[in-house]
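See below for the structure under consideration.
Keep in mind that what you see is a predicted model, and the values were worked out from it rather than measured.
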Amino acid sequence: MNEISKVKTAGGTVRPDYVPADAYVSPDYVRLEKERLWPRVWQIACREEEIPNPGDFYTYDIADESIAVVRKTDGAIAAYHNVCPHRGRRLTAGCGRMGKFHCKYHGWQWNLDGKPTEVVDRKDWGELLQDSEITLHPVKSASWGGWVFINMDPDSESLEEHLGEAKTLLDPFEMDRMRYVWRKRITMPCNWKTAQEAFMEGYHVQTTHRQLLPYQDDYTFSRAYGRHAMFGYAPTALFGLPSPRISDQSGDMRKGLYEFNKEIWDTLKATTTDEMLAAGRRLMELPETATPFEIYVAFATFHREESAKSGRPWPAITPEQQMAAGTDWNIFPNLVFLQQPTNVLFYRARPNGDDPDSCIFEVNVMERFAEGAEPRNVEVEVADDWRTVDWGLILEQDFQNMEAVQKGMKSRVFKAARPSPVQEVEISNFHATLLAYLDGGQ
């Protein structure tokens with residue numbers, strides 16, 4: 001019986017309402033992901049603005065692989081396996097700027113095109129050493145939404161083909177024009193899938209973030225688009241009035257919509273902005289008899305006006321395009337984000353070595369800025385324990401779940417997660433796609 005058959009036999013296959021627990025806790029999955037997922041799939045390495053100038057580089061580590069992404073002298077972006085062909089030493093670490101690749105072990109050098117320029121005492125090899133044998137091994141790279149993606153499989157499909165319909169739905173947000181506001185990276189005591197799935201459904205809001213229910217109808221839908229999936233709220237969902245779970249949805253929607261955005265700002269510092277708060281305050285200019293539709297239209301208009309006052313460009317996006325894109329996306333495998341016309345909150349989770357109970361987890365906020373006002377060199381706050389970082393209430397609530405879920409799934413009686421086939425398609429679709437990669441079918 002091969003490895004993938006063992007995985008399927010141990011916990012069953014994936015259904016819209018069933019995900020085997022082994023996917024989160026089994027070392028077999030870690031091994032298969034290292035062999036069949038990460039070397040074959042498009043995944044984000046960094047943002048384009050992190051390597052703006054020739055010689056700027058970013059080191060992306062995933063499983064046992066390390067990729068050096070660099071801006072070449074002609075302005076193009078290239079990526080290489082971060083390994084010296086001589087003795088295997090890694091050439092870059094972290095990020096920075098260089099004029100050439102340089103091995104700190106024996107001094108070999110390469111230009112930014114990956115071609116060897118210096119082999120110390122090369123005469124020792126005579127004709128045994130050819131340039132083609134010691135050129136840095138290239139990795140496919142491409143950009144979308146301002147993110148630089150890499151793929152170690154030279155025969156892979158294009159990034160555009162990988163993104164499919166998701167690209168069409170999300171391009172109007174112009175995420176390539178957004179820039180970092182804050183960034184944090186932690187080591188989490190849970191599987192990388194456990195971590196990212198905490199942000200791939202809105203079903204948990206009614207319990208985990210119950211403080212939000214006075215301001216929103218929390219019921220969601222979820223939909224798959226090939227390998228990727230999203231969740232969103234129905235057009236009839238009311239923001240600014242209580243959830244039907246706790247009330248008859250009476251109240252002043254003008255005030256409630258502002259209070260919703262202020263609650264999010266105070267406890268998350270993401271998915272809303274100063275301009276959105278200013279727009280919310282202006283809703284009280286409307287008459288008490290304003291309909292929900294009139295309030296939403298006014299809020300969108302005020303948001304645009306407040307953004308214009310700050311010099312922040314607004315994307316060429318229609319309300320219909322915003323509605324079609326939903327609220328939250330998983331771009332397979334490990335990019336998860338919540339998008340707005342002027343801001344994005346995005347997450348990335350990666351395995352931490354071979355431990356299925358640990359991952360590297362990143363939280364990032366981006367916004368649009370007036371030209372020339374973009375923040376420069378926004379540093380990543382790094383910590384080993386999430387409790388040592390100031391996250392605000394919402395993320396703290398999520399992190400408590402992630403750690404407790406990982407512990408609970410190791411119970412001998414827990415055989416499978418049972419996602420909602422309506423509200424958590426983003427999760428079941430992710431696992432069906434993952435299993436296809438592990439089975440060699442993608």
Side-chain angles (χ1 to χ4, degrees), residues 1-44 62-63 149 151 153 156-157 159 161-167 169-170 190-204 220-232 326-337 347-351 356 359 405-406 409 414-442:
M1 185 180 294
N2 62 32
E3 287 180 304
I4 191 65
S5 295
K6 290 179 182 177
V7 167
K8 286 183 176 179
T9 301
T13 191
V14 174
R15 302 194 312 257
D17 69 327
Y18 187 98
V19 175
D22 283 353
Y24 305 94
V25 300
S26 171
D28 288 336
Y29 267 83
V30 177
R31 183 167 58 254
L32 285 169
E33 288 165 1
K34 287 169 59 174
E35 176 187 337
R36 302 181 187 180
L37 174 67
W38 302 116
R40 298 176 50 221
V41 70
W42 284 102
Q43 58 203 279
I44 60 166
I62 182 68
F149 287 72
N151 193 320
D153 181 1
S156 75
E157 64 187 352
L159 175 60
E161 291 171 320
H162 172 71
L163 293 171
E165 193 175 356
K167 180 179 185 300
L169 290 167
L170 292 164
C190 67
N191 191 271
W192 68 276
K193 298 181 286 292
T194 303
Q196 73 170 36
E197 288 170 21
F199 306 94
M200 284 168 59
E201 44 87 2
Y203 179 47
H204 70 283
T220 61
F221 70 92
S222 191
R223 183 174 299 152
Y225 293 88
R227 296 172 183 150
H228 321 295
M230 54 81 86
F231 80 75
T327 300
D328 172 291
W329 279 81
N330 166 231
I331 300 299
F332 186 87
N334 64 331
L335 172 59
V336 176
F337 57 79
Y347 308 92
R348 176 173 64 173
R350 290 176 283 168
C359 73
V405 163
Q406 189 67 25
M409 286 191 297
F414 185 79
K415 302 301 182 184
R418 301 301 303 272
S420 164
V422 175
Q423 297 191 67
E424 297 181 292
V425 174
E426 198 168 331
I427 289 176
S428 56
N429 184 74
F430 163 79
H431 280 275
T433 305
L434 173 62
L435 199 57
Y437 267 91
L438 302 190
D439 202 14
Q442 288 288 343

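- Looking at heavy atoms from C-beta onward, L170 lies out of side-chain contact with L163 at the 4.5 angstrom threshold.
- No side-chain heavy atom of R31 sits less than 4.5 Å from a side-chain heavy atom of R36.
- Here the straight-line distance linking atom CD of E426 with atom CZ of F199 works out to 12.5 Å at 0.5 Å rounding.
- With rounding to the nearest 0.5 Å, the separation of CD in Q196 from SG in C190 is 10.5 Å.
- A heavy-atom distance below 4.5 Å is found between the side chains of L37 and F332.
- Here the side chains of P351 and I62 are in contact, with some heavy-atom distance below 4.5 Å.
- By the neighbour-count criterion of 12 heavy atoms within 6.0 Å, atom OH of Y347 is densely surrounded, having more than that number from other residues, nucleotides or ligands.
- A 4.5 Å side-chain heavy-atom check between L434 and K193 finds at least one atom pair inside the cut-off.
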Take E161 and K167, measure what side chain to side chain contact (heavy atoms under 4.5 Å, CB included) needs, and give me the verdict at the end. CA-CA 9 Å; E161 291 171 320; K167 180 179 185 300; over 6 Å; no
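- Side-chain contact between W38 and N334: present, with at least one pair of heavy atoms (C-beta onward) separated by less than 4.5 Å.
- Between the side chain of D328 and the backbone N or O of E201 there is no donor-acceptor pair closer than 3.5 Å.
- Side-chain contact between W42 and S156 is present, with heavy atoms from C-beta onward closer than 4.5 Å.
- H431 and E197 share a donor-acceptor pair across their side chains, judged by distance under 3.5 Å alone.
- Between W192 and R350, every side-chain heavy-atom pair lies at or beyond the 4.5 Å cut-off.
- Here the shortest heavy-atom pairing between V425 and A229 reads O-CB, 4.5 Å.
- Among all heavy-atom pairs drawn from M200 and V336, the shortest one is CG-CG2, 3.7 Å.
- From W329, atom CH2 reaches atom OH of Y225 across 5.5 Å, with rounding to the nearest 0.5 Å.
- Judged by distance alone, with hydrogens and angles left aside, the side-chain atoms of E424 form no donor-acceptor pair with the main-chain N or O of S222 at under 3.5 Å.
- H204 and A198 get closest at one heavy-atom pair: CE1-O, 3.5 Å.
- In this structure, the side chain of D22 does not engage the main chain of V25 through any donor-acceptor pair within 3.5 Å.
- Between V14 and P20, the shortest heavy-atom distance links the atoms CG2-CD, 4.0 Å.
- I427 contributes atom CD1, which lies 9.5 Å from atom CZ of F231 (distance to the nearest 0.5 angstrom).
- At a cut-off of 3.5 Å, with distance as the only test, a side-chain donor of Q423 or T220 sits close to an acceptor on the other residue.
- Remark: the backbone N or O of Q43 is not paired with any side-chain donor or acceptor of N151 at under 3.5 angstrom.
- Summarising the geometry of N191 relative to P356, their closest heavy-atom pair is ND2-O, 3.0 Å, with the distance given to 0.1 Å.
- Taking CD of E33 as the reference point, atom OG of S26 lies at 9.5 Å (rounded to 0.5 Å).
- Taken to the nearest 0.5 Å, the CD atom of E35 stands 9.5 Å off from the CG atom of L438.
- Closest non-hydrogen pair, H162 versus V41, comes out as CE1-CG2, 4.1 Å.
- Comment: E165 does not engage R223 in a salt bridge, judged by the lack of any side-chain N to carboxylate O separation of less than 4.0 angstrom.
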With side chain to side chain contact (heavy atoms under 4.5 Å, CB included) as the test, would you mind laying out the steps for F337 and M230 before giving the verdict? CA-CA 9 Å; F337 57 79; M230 54 81 86; over 6 Å; no
